[in-house]
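Letters A, B, ... are given to chains in the order of the sequence lines, protein chains preceding strands, and every chain is numbered from 1.
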Protein chains: 2
Amino acid sequence: MDRTDHHILNELSQNSRITMKELGEKVHLTGQAASDRVAKLEENGVIEGYSVNVNNAKMGYPVHVFLHIIIHTAHKPYLSFIETQQPYIMNNYRISGDGCYLLECKFPSHEYVDTFLKSLQEHANYKLSIVINK
Amino acid sequence: MDRTDHHILNELSQNSRITMKELGEKVHLTGQAASDRVAKLEENGVIEGYSVNVNNAKMGYPVHVFLHIIIHTAHKPYLSFIETQQPYIMNNYRISGDGCYLLECKFPSHEYVDTFLKSLQEHANYKLSIVINK
DNA sequence: CGACTTTACTTGAAAAATGTAAGGAAGGGG
DNA sequence: CCCCTTCCTTACATTTTTCAAGTAAAGTCG
């Protein structure tokens with residue numbers, strides 16, 4: 001994990017579909033050498049995968065929210081519930097504090113948020129934060 | 001944005017470095033057709049970019065936290081401060097509520113969190129949530 | 001010191017993927 | 001019916017990747 005590896009990770013974080021040849025040029029290596037280093041970063045588990053950044057608004061999910069969840073009773077009903085809400089759930093983080101989660105979601109409109117919260121209410125207490133900007 | 005486009009985005013979200021030929025096979029198209037569709041998704045702004053998933057723990061940042069920020073006075077000191085904290089900041093979301101942000105950070109250890117919070121204290125009030133699991 | 005191994009890189013050729021161009025089939029509208 | 005557009009395919013030239021040697025520097029150990 002030297003400077004060049006950091007440079008490589010930085011380039012890949014900006015565009016992971018870059019060719020190894022181009023990546024090599026950016027970090028002053030041949031395509032081979034760059035490719036070898038990337039392979040090693042993958043083997044070591046430093047690189048876990050490659051993904052795409054999708055514009056959620058254009059996909060029909062313009063509303064982005066975080067929900068601070070507090071559950072005093074069993075967690076299972078909550079966890080089962082969010083599994084049924086697949087398209088809306090982005091991340092469910094277990095956080096410090098008893099029975100606490102931070103739930104990141106996307107919705108087509110505020111009406112959908114409302115509907116979701118009505119169902120969520122049956123399994124957990126929550127505090128809603130709507131994302132205005134990044 | 002038909003079923004095939006959704007299928008393409010799903011495949012790319014799992015592995016954006018897949019070849020167009022392979023992607024085509026997965027969605028029952030030729031490599032060209034897949035490539036054309038991806039190009040169109042990029043033009044339309046549905047695809048905003050391609051990135052890499054890095055294991056933060058292996059990069060020396062095993063501690064992952066969210067900070068709920070509330071600022072009653074000017075925001076600028078806070079915003080300037082977090083710009084100086086580059087390596088630790090993952091995301092700074094502007095959220096609903098006056099003077100509120102949700103700040104996502106990574107740290108090498110709890111000591112670093114402590115040091116960071118001591119400085120943050122000078123610009124804003126916060127509530128700390130440490131991520132245990134995803 | 002000197003022989004051996006390892007690591008990181010380069011080069012060149014073969015194999016694979018991509019980009020380009022031309023063309024065909026399906027659907028819509030005048 | 002004809003024309004146009006969209007979406008896809010095929011074929012081929014170009015580019016990239018992969019594979020196989022090979023070099024050079026650095027570390028190991030008798």
Side-chain angles (χ1 to χ4, degrees), chain A residues 1-62 86-88 90 106-109, chain B residues 1-62 86-88 90 106-109:
Chain A
M1 282 299 312
D2 58 8
R3 189 165 309 179
T4 303
D5 282 336
H6 280 88
H7 195 170
I8 284 173
L9 291 174
N10 186 44
E11 290 297 335
L12 287 177
S13 74
Q14 287 172 57
N15 175 19
S16 64
R17 278 196 66 82
I18 192 174
T19 65
M20 287 300 122
K21 200 183 174 221
E22 270 186 89
L23 178 61
E25 281 163 19
K26 296 214 182 208
V27 304
H28 313 296
L29 289 174
T30 59
Q32 300 309 337
S35 178
D36 288 353
R37 273 176 180 263
V38 170
K40 216 161 269 179
L41 289 169
E42 289 171 0
E43 278 166 32
N44 296 344
V46 173
I47 291 177
E48 296 183 328
Y50 304 94
S51 67
V52 64
N53 304 125
V54 171
N55 183 321
N56 282 320
K58 298 210 174 175
M59 288 293 288
Y61 297 96
Q86 214 56 41
Y88 309 132
M90 298 171 72
K106 61 187 183 198
F107 295 101
S109 71
Chain B
M1 282 300 309
D2 58 6
R3 188 166 309 178
T4 303
D5 282 336
H6 279 89
H7 195 170
I8 285 173
L9 291 174
N10 186 45
E11 290 298 334
L12 288 176
S13 75
Q14 288 173 56
N15 175 19
S16 64
R17 278 195 67 82
I18 192 173
T19 65
M20 287 300 124
K21 201 185 173 219
E22 268 186 272
L23 178 60
E25 281 164 20
K26 296 215 183 208
V27 304
H28 312 297
L29 289 174
T30 59
Q32 273 64 5
S35 179
D36 288 352
R37 273 175 180 262
V38 169
K40 215 162 269 179
L41 289 168
E42 289 172 358
E43 279 166 30
N44 296 345
V46 173
I47 291 177
E48 296 182 328
Y50 303 95
S51 67
V52 64
N53 304 123
V54 171
N55 184 320
N56 281 321
K58 297 209 173 173
M59 289 293 288
Y61 297 97
Q86 214 57 39
Y88 309 132
M90 297 171 71
K106 60 187 185 200
F107 295 100
S109 71

Flag side-chain contact, heavy atom, 4.5 Å: [X] against [Y]:
| X | Y | answer |
| --- | --- | --- |
| A/Tyr50 | B/Ile18 | no |
| B/Val46 | A/Asn55 | no |
| A/His6 | B/Met59 | yes |
| B/Glu22 | B/Glu11 | no |

Short side-chain donor-acceptor distance under 3.5 Å, B/Ser13 and A/Ser51: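 No pair is found: no donor N or O on one side chain lies under 3.5 Å from an acceptor on the other.
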Side-chain donor/acceptor of B/Arg37 to backbone N/O of B/Ile8, under 3.5 Å: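 Flag not set: sc B/Arg37 to bb B/Ile8 has no pair under 3.5 Å.
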If we ignore hydrogens and angles and just use 3.5 Å, is the side chain of B/Asp2 paired with the main-chain N or O of B/Asp5 as donor and acceptor?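 Looks like yes, one N/O pair under 3.5 Å.
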Any chance you could measure B/Leu41, atom CG, to B/Met1, atom CE, to the nearest 0.5 Å?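 With rounding to 0.5 Å, CG (B/Leu41) is 6.5 Å from CE (B/Met1).
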First locate atom CG of B/Leu12, then atom CD1 of B/Ile47, and finally report the distance between them rounded to the nearest 0.5 Å.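 The CD1 atom of B/Ile47 is 5.5 Å from CG of B/Leu12, to the nearest 0.5 Å.
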Positional range of nucleotides in DNA chain D within the contact set of chain A, heavy-atom, under 4.0 Å: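 Endpoints of the contacted stretch of DNA chain D: D/dT16 to D/dC19.
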Round to a whole Å and report the spacing from CZ of B/Arg17 to P of C/dA17.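 Atom CZ in B/Arg17 sits about 13 Å away from atom P in C/dA17.
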Round to the nearest Å and state the distance from A/Ile18 atom CD1 to C/dT18 atom P.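 Nearest whole value for this atom pair: 15 Å.
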Heavy atom of residues 41-55 of chain A under 4.0 Å from DNA chain D: which residues?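 Per residue number, the list is empty: none.
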What are the residues of residues 21-37 of chain A, sorted by number, that bring a heavy atom to within less than 4.0 Å of DNA chain D?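 Heavy-atom contacts with DNA chain D come from A/Lys21, A/Gln32, A/Ser35.
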Take A/Asn44 and B/Lys58, measure what side chain to side chain contact (heavy atoms under 4.5 Å, CB included) needs, and give me the verdict at the end. CA-CA 9 Å; A/Asn44 296 344; B/Lys58 297 209 173 173; 5.8 Å; no
